[in-house]
Amino acid sequence: MTRTVEVAAEPSPYELAAGRTALIVIDMQRDFLLPGGFGESLGNDVDRLRVVVPPLAALLAAARTAGLMVIHTREGHLPDLSDCPPAKLNRGAPSKRIGDPGRYGRILIRGEYGHDIIDELAPADGEVVIDKPGKGAFYATALHDTLTAAGITHLLITGVTTEVCVHTTTREANDRGYECLVVSDCVGSYFPEFQRVGLEMVKAQGGIFGWVADTAAVIPALNALTTTAA
Ligand code: C5J
């Protein structure tokens with residue numbers, strides 16, 4: 001029988017299932033988070049994303065100790081941009097487009113320094129890294145097959161940005177039958193109102209996309225999973 005631990009979540013308690021839960025860390029990339037990077041060059045305040053790093057590092061450590069599968073994602077494109085639709089390429093500030101030179105290499109291009117994950121949250125050996133061309137982590141990737149093969153049914157969703165890649169991935173996961181909990185202090189937006197409303201939308205209408213809880217609720221539950229496994 002699968003061991004479960006209850007997380008005090010909204011809109012109702014969430015059953016954290018041992019062996020069936022994965023932690024998804026979305027797009028904690030230098031291009032989005034580093035001062036002087038792509039995100040900041042668009043006029044955004046990267047500190048709004050950087051507040052996520054300490055709680056997410058603590059959650060990652062607890063998830064690793066509890067033996068959860070950990071999946072990291074990176075948004076980005078091939079150097080020849082053949083996987084980037086014109087509709088995506090041509091939007092945004094004309095001087096700062098995907099593939100243009102940026103402070104940390106070509107913007108959102110695989111293999112560039114800025115495309116990779118920040119040092120504080122670097123993937124550990126054996127953790128899966130999904131390179132995704134879209135906002136959603138399921139689109140044009142092996143994520144669903146990877147999770148299915150591992151018997152994963154529950155997702156703890158974290159990363160940036162709340163209303164873009166976190167929301168798109170959460171919605172895609174719902175349509176594929178996953179039970180999603182968005183960890184509120186481990187997701188970030190450049191826009192405070194989008195952060196607030198983005199989280200409201202997940203848990204509205206009885207949890208239309210899933211559950212919301214913070215690390216103060218999730219980490220003790222992970223620790224309890226670790227303890228009961230011993
Ligand atoms: C954006 C993302 N905001 N990871 N990407 O373009 O949310």
Side-chain angles (χ1 to χ4, degrees), residues 1-28 33 49-74 117-130 137-138 143-144 146-162 165-167 169-170 172-174 176-189 195 198-199 202-203 207 209-230:
M1 204 176 93
T2 306
R3 278 177 301 111
T4 62
V5 173
E6 198 171 273
V7 179
E10 292 183 300
S12 59
Y14 177 83
E15 297 293 330
L16 192 64
R20 297 228 211 117
T21 306
L23 172 66
I24 311 281
V25 185
I26 297 176
D27 300 359
M28 293 300 287
L33 284 128
L49 303 195
R50 295 194 62 79
V51 292
V52 165
V53 176
L56 183 45
L59 181 70
L60 190 53
R64 285 171 175 155
T65 302
L68 262 61
M69 180 178 206
V70 177
I71 305 232
H72 305 259
T73 74
R74 298 183 295 204
I117 293 165
I118 58 170
D119 295 343
E120 300 93 311
L121 301 172
D125 285 349
E127 291 176 352
V128 176
V129 179
I130 298 277
F138 289 88
L143 180 57
H144 186 48
T146 302
L147 295 172
T148 304
I152 299 295
T153 53
H154 289 54
L155 302 178
L156 301 180
I157 300 184
T158 66
V160 299
T161 62
T162 306
C165 292
V166 169
H167 242 269
T169 301
T170 304
E172 287 180 329
N174 261 270
R176 288 163 177 79
Y178 294 94
E179 305 281 19
C180 300
L181 184 150
V182 176
V183 187
S184 57
D185 52 341
C186 292
V187 295
S189 171
Q195 172 77 0
L199 292 170
V202 170
K203 64 186 180 184
F209 296 124
W211 287 260
V212 175
D214 63 9
T215 46
V218 178
I219 290 178
L222 288 171
N223 293 342
L225 269 188
T226 308
T227 312
T228 51

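The chain is numbered in sequence order, starting from 1.
Put simply, the side chain of H72 does not reach to within 4.5 Å of the side chain of L121, judged on heavy atoms. Under the 4.5 Å side-chain criterion, counting only non-hydrogen atoms from C-beta, V187 is in contact with L199. A 4.5 Å side-chain heavy-atom check between L56 and V25 finds at least one atom pair inside the cut-off. The shortest distance between side-chain heavy atoms of M28 and R74 does not fall below 4.5 Å. Within the 4.5 Å cutoff, the side chain of F209 has no heavy atoms near those of the C180 side chain. For the pair L222/L68, a side-chain contact is recorded, criterion being any heavy-atom separation below 4.5 Å from C-beta on. Using a 4.5 Å heavy-atom threshold, the side chains of M69 and L23 count as separate. The shortest distance between side-chain heavy atoms of P123 and I117 falls below 4.5 Å.
For the pair W211 and P13, the tightest heavy-atom approach, listed with the atom from each and the gap, is NE1-O, 3.4 Å. Heavy-atom minimum distance, T215 versus P55: CG2-O, 3.9 Å. Minimum interatomic distance between D214 and V183 (heavy atoms only, all atoms of both residues): C-CG1, 4.1 Å. When all heavy atoms of A213 and V7 are compared, the closest pair comes out as CB-CG1, 4.0 Å. Minimum interatomic distance between G207 and P11 (heavy atoms only, all atoms of both residues): N-CG, 3.5 Å.
Each salt bridge (Lys or Arg N to Asp or Glu O under 4.0 Å) pair with one or both residues in residues 16-28, not counting sequence neighbours, appears once here: D27-K132.
Residue I26 holds its CD1 atom at 7.0 Å from SG of C165, rounded to the nearest 0.5 Å. Atoms CG and OG1, on L49 and T161 in that order, are 7.5 Å from each other to the nearest 0.5 Å. Atom NE2 of H167 and atom OG1 of T162 lie 8.0 Å apart (nearest 0.5 Å). Between the CG atom of L147 and the CG atom of L143 there is a distance of 4.5 Å, given to the nearest 0.5 Å. In this structure, I219 CD1 and C186 SG are separated by 7.0 Å, a value rounded to the nearest 0.5 Å. Summarising the geometry, atom OG1 belonging to T153 is positioned 16.0 Å from atom CZ belonging to R176; distances are rounded to the nearest 0.5 Å.
Formation of a donor-acceptor pair under 3.5 Å by the T65 side chain with backbone atoms of T226 is not found in this model. Using modelled atom types, no side-chain atom of Y178 and backbone atom of E172 make a donor-acceptor pair closer than 3.5 Å. Remark: the backbone N or O of I130 is not paired with any side-chain donor or acceptor of T73 at under 3.5 angstrom.
Salt-bridge formation is not detected for the pair R3/E15: no Lys NZ or Arg NE/NH1/NH2 atom is positioned less than 4.0 Å from an Asp or Glu carboxylate oxygen.
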### Query
Should V166 and V160 be marked as a side chain to side chain contact (heavy atoms under 4.5 Å, CB included) after you check the CA-CA gap, both sets of side-chain angles, and the distance that decides it?
CA-CA 6 Å; V166 169; V160 299; 5.7 Å; no
### Task
Determine, stepwise, if the pair I24 / T158 fulfils side chain to side chain contact (heavy atoms under 4.5 Å, CB included).
CA-CA 6 Å; I24 311 281; T158 66; 5.7 Å; no
### Query
Going through the checks in order, is the side chain to side chain contact (heavy atoms under 4.5 Å, CB included) test met by L156 and L16?
CA-CA 9 Å; L156 301 180; L16 192 64; 4.0 Å; yes
### Task
For the pair I152 and T21, evaluate side chain to side chain contact (heavy atoms under 4.5 Å, CB included) and give the outcome as yes or no after the intermediate values.
CA-CA 6 Å; I152 299 295; T21 306; 5.8 Å; no
